[in-house]
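What follows is a single structure, written as structure tokens, with notes after it.
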Amino acid sequence: MADTETSVSARSPLAGHAARFAAATRRSGGAVRLAELPYLAQIDVRLDPKGPAADAVGLALGFPLPTQPNTVVHGGGSSALWLGPDEWLVVGRPGTRAELEGRLREAVGDEPAAVVDISAQRTALLVAGPRSRDLLSHGCALDLHPRSFGAGRCAQTLLARAQVVLAVRDELKPGFWVLVRSSFAGYLGDWLLDAATEYTGAV
Amino acid sequence: MLLIPCPWCGPRDEAEYTYGGQAHVPYPQDPASLPDEEWGRYLFHRANPKGPHAERWCHTAGCRRWFNAVRDTATNQLLAVYRAGEPRLAGGEANGRDLFA
Amino acid sequence: MSETTGQPFRLPEGGRIHRDEPLRFRFDDAEYTGFRGDTLASALLAGGVHRTGTSVRLGRPRGIFAAGSEEPNAVHQIEEPFPEPMLTATTVELYDGLVARSLPGRGRLADRPDPARYDARHAHCDLLVVGAGPAGLAAAATAARAGARVILADEQPELGGSLLAGRELPGWTREIGEELDAAPEVRVLRRTTVFGHYDDNYLLAVERRTNHLGAHAPAHLSRERIWRIRARHVILATGAHERSLAFAGNDRPGVMLAGAARTYAVRYAVVPGRRAVVLTTNDSAYAAALDLAAAGLEIAAVVDTRPQPGTWAQRAEQAGIEVLPGHAVVGTRGDTHVTSVTVAGYAEGRLTSSARQFTADLLLVSGGWNPVLQLYSQAGGRLRFDDALGCFVPDGCRQAVEAVGSANGTFGLGRCLAEGTAAAARAIAADPIPLPSFTDEPSSPAIQVFVVPGTDADGDGDHTHFVDLQRDVTVADLDRATGAGLGSVEHLKRYTTAGTAHDQGKTSGVLTSGVAAHLMGARIAELGTTTFRPPYTPVSFAALAGRDRGALHDPVRVTPLHDWHAAHGAVFENVGQWKRPWYYPQDGESMDAAVQRECRAAREGVAFMDASTLGKIDVQGPDAATFLDRLYTNMMSTLKTGMIRYGVMCRADGMVFDDGTVARIAEDRFLATTTTGNAAAVLEWMEEWLQTEWPELRVHLTSVTEQWATVALAGPLSRELLAGLAPRLAVDAESFPFMAWRDTKVAGIPARVCRISFSGELAYEINVLGWHAPALWDALYAAGRPLGLTPYGTETMHVLRAEKGYPIVGQDTDGTVTPQDLGMGWVVSKKKPDYMGKRSHARAESRRPDRKHLVGLLPDDPAVVLPEGTQLVAGSRLPEPPVPMLGHITSSYRSAALGRGFALGLVRGGRDRMGERLYAPVGGELVPVTVASPVLYDPEGARRDG
């Protein structure tokens, strides 16, 4: 079942930044890559990690929800990010939000859990490339060294003056997902482009 | 910029937190039965010690969990952190956790 | 050697300057040349410029006094390539095209925006080493070899610290530097001053990245960068600053710290004069004297206050230098520069022989060395005066910080190296590293001398015994202060201003304490020092602001419809961080005209606005209704699925905190809206109660503010417009009553439509996923234009709601207003056993009849629109102050529907004053107004069903 974002004309929060992200990526000669990943399915799941709903969601996803704080598990086309001791963000491919929400809601059944579609609440940015850690460190106070924030890690924190969810996507090449509230996306996009000037050469 | 150890997320910059005042000031069981003075005390009177002080913090920009901390108001040192609902710590113990591990 | 033309004081060889890179610069309108590797100060000295300014208070000539960031005198205005005020010549690296000017006091800010970029970076490390002198290099190398993450920061462009001004270990310095540069986990920050040491080993540093390139700085690189460093351990290898001592005429150009003169000669190949007298209380000045003598400077005499100077004196004598033990300088002569130095016998604070005069153009002084412990002190470290060393030394800190080398009062290269490696090994549990063997020369103890008495011949008392050169504070000033009974160094500092200048008393602080102790007959140890505060050296606001300026100064939050608003000429209003359309002027329309037009459209036709900024919270779980009952003043548990209820939240003190609507989505699920500005605060407030007081409630809260974009559609024609776009929706008032919501499709887009009105008109709020908002808006606009659909902004929204007497939290309330004060007793449950604020509403104070009530206020002259905030008084003539104030106006507009100006206000006992005339003092006038019901338009509510 295709979601409406593919059938109805939709506009993602950073649609207006696409050309500038592409130009910055090109100018950096591979040092950094900036792009919006629009329309990801994002479902907020709240439940007792020790209760039966957690197991049911694990079965529905095909992998258990991470219980280690600030970690992420990927599998079967979706990811589950630990956001809090009873809160996860399940992320899926664009066009799957209704199906994913339905699947998770069915899994939790009558358990006292919450399943909320927040796909349009935030948009995702890909910040990748060998200088991506340096780029983020201009505005992120977390220690992003691969030894403390490597593959499998995620965090809710501040980037510049915006709250973000940061998830390492180091599987192939260094990179991060930066999930940001849609209303802050334009600000954060502008900020990242400005901070990337260092790596994209003369203006 | 304090480095505050969230009981869930570990040490993070103070900028990620909201301060919530003195801890262990419970909402009265039956407010209607309280005389004005006692209700006023609940609303407005808080300790202001020089030294260890049990206080509430919320990891607003992180996991959004409220927790308690014992902070020495004279040195700004955090002596202990513990989750909401856990019994009050006196400070000096780290509740079995290394605060900054 | 043609480049040295015009550099009469440049030595023909030596130094760390690049003679193949001559640089031209201007100072006070004269042309000079220097070399890359020079500072502005060294290049000026090479050109024979010693006097670099005039003192602020007394107008006395002053010259270059030091060679580093402790410089008190040579503070200059940079004119080109970009104006910058008050930079010290000793820290400005010379570049081609530099134009500088001496400053009589304050500098001048640029009159144009700074084109340079500034930024910040966060960094983390196991060990931060501040200072790349011998102790710092040994510490950094020790940690680096153990694989630790190390940051080494030094304010100089080259590593080496004091080694740059000496002749020891050149090979070792270079090798360690190369090793550190190559180590993968080591970050070496040159040209970087660590200026603040805060809690939990959080340190701020400023890196000067392209300043030294002048006009050739690449535009895409930040000029300065603030490093925000979190370090597990900190080693302060910050060295020591030499101090002067107070004697008559100790401020003339040509008086210079002995170590600084050595630095100029060895590092920059510049001699700051031709014939020098050296005044010292310790051994260190002898090395300077010998190096300067080797550089060709004539040393007229070394004047040593100690009766028996020891082995260094013998070495000086062997080099043909006259040493005068048990002597001191008692005066200097010269108009704009030292021309002679007067010396007399000295012992234990007294002059013991008659004066003798030396011709000299340079007087080098060393009153001892002060460990640089500003950062240690900022970190909370205690300082202790060491009588043997004659300086303050570290005495313990609660943070993981240690001072090493001369910052720890350890003088002698070999001991500094050993201390550096040992400290690093301790900090990260590693082994010390092998170090070059270096045997420190035996030293003779210094004696503490802070004041040398003047001779009667001078006749100027202590008025030229300077303590703080930058503030022109003398021994006489301190004498007056202590004579006035001030006994604390903190009071002395504030009374005399000693130590409060640009240099923060780096060379004068300990001298001030020493002189004060001398005057009071006290011990320095008892007096202590003043408190050190960041920044260690001045930091530009541009650097501190970094990227947070202009458009990035603060996040600008926008809705998915922002581009449409901008394209259609909206004037925006800032609501918190949001940009909201304020009004949409057409063809040069005034604000007033635009708002009147928008209001008419909403009252008479149809109008729409972007209401996406409202906060939205999904409340889910079996106990959701119970939870909402506790937080809202009214009952939410009785709300039926499919329906919506207006609600008010109070704090426990009973005062209105926020308001909004609550829609019941399912038995166990609600959607609560909040005001735009309070969205985050309300969610935090709800979470706080849930987590800390009611953890037993099975409820979860999720912000969905941006999941949903909201379009408010208002006006008698709104039903017709909606019906055309939502064919599946039964829009008649019976099927879709007021305060109900329906899920449907609008223009083919899945939407949740709510029958909510904030204007009193028939109205809808259409919620769609944020990314569908532009499509919805475009469809509404296309379908609605034949009906006259008009976009409206926040100003029109405010007028419409005020006409209906709907308060805005934060505008008509201010944290002292209860729901009852607002005339909304109907929203406060009488049935619930408790709700947030109930106990406070029961207080006698909350029930007083003379509380301020929200009322309508009609100016007698319908053309008048009173300014918001205007006070209200009773009589038509103002009595003598204090005038009793009855309240104030909280909202005031011109109403198209009412054809007049009107206002809402909080008025004492207002509900009992209906029809009463009050007066609003505006300018010099008392404007008559009449108290009325706050609901001025359609009081029967006939319009909301269309």
Give, as side chain, backbone, both or neither, the part of [X] having an atom under 4.5 angstrom from any heavy atom of chain A.
X: Ser703(C); answer: both
X: Pro774(C); answer: side chain
X: Trp578(C); answer: side chain
X: Ser612(C); answer: neither
X: Asp554(C); answer: both
X: Arg669(C); answer: side chain
X: Arg698(C); answer: side chain
X: Val704(C); answer: both
X: Leu701(C); answer: backbone

Can you tell me which portion of [X] sits under 4.5 Å from chain C's heavy atoms? Options are side chain, backbone, both or neither.
X: Ser119(A); result: both
X: Arg147(A); result: side chain
X: Pro112(A); result: both
X: Asp44(A); result: side chain
X: Asp117(A); result: both
X: Asp134(A); result: both
X: Leu188(A); result: neither
X: Ala113(A); result: backbone

So, Glu198(A) and Arg225(C), do they make that salt bridge, N to O below 4.0 Å?
-> yes
Between His138(A) and Ala120(C), is there a donor-acceptor pair closer than 3.5 Å when you use the side chain of the first and the backbone of the second?
-> yes
For the atom pair [atom1] ([X]) and [atom2] ([Y]), what is the distance rounded to the nearest 0.5 Å?
X: Glu706(C); Y: Gln121(A); atom1: CD; atom2: CD; result: 5.0 Å
X: His124(C); Y: His145(A); atom1: NE2; atom2: NE2; result: 11.0 Å
X: Asp194(A); Y: Arg117(C); atom1: CG; atom2: CZ; result: 4.0 Å

Please report the C-alpha distance between Arg46(A) and Asp618(C) in whole Å, then the side-chain angles of each, then the deciding distance to 0.1 Å, and finally whether the salt bridge (charged side-chain N to carboxylate O under 4.0 Å, His left out) criterion is met.
-> CA-CA 12 Å; Arg46(A) 304 289 298 275; Asp618(C) 182 288; over 6 Å; no
Scored by heavy-atom pairs under 4.5 Å with chain A, the best of Thr613(C), Thr559(C), Asp548(C), Asp668(C) is Asp548(C)
Given the options Gln577(C), Glu185(C), Arg557(C), which has more heavy-atom pairs under 4.5 Å with chain A than any of the others?
-> Arg557(C)
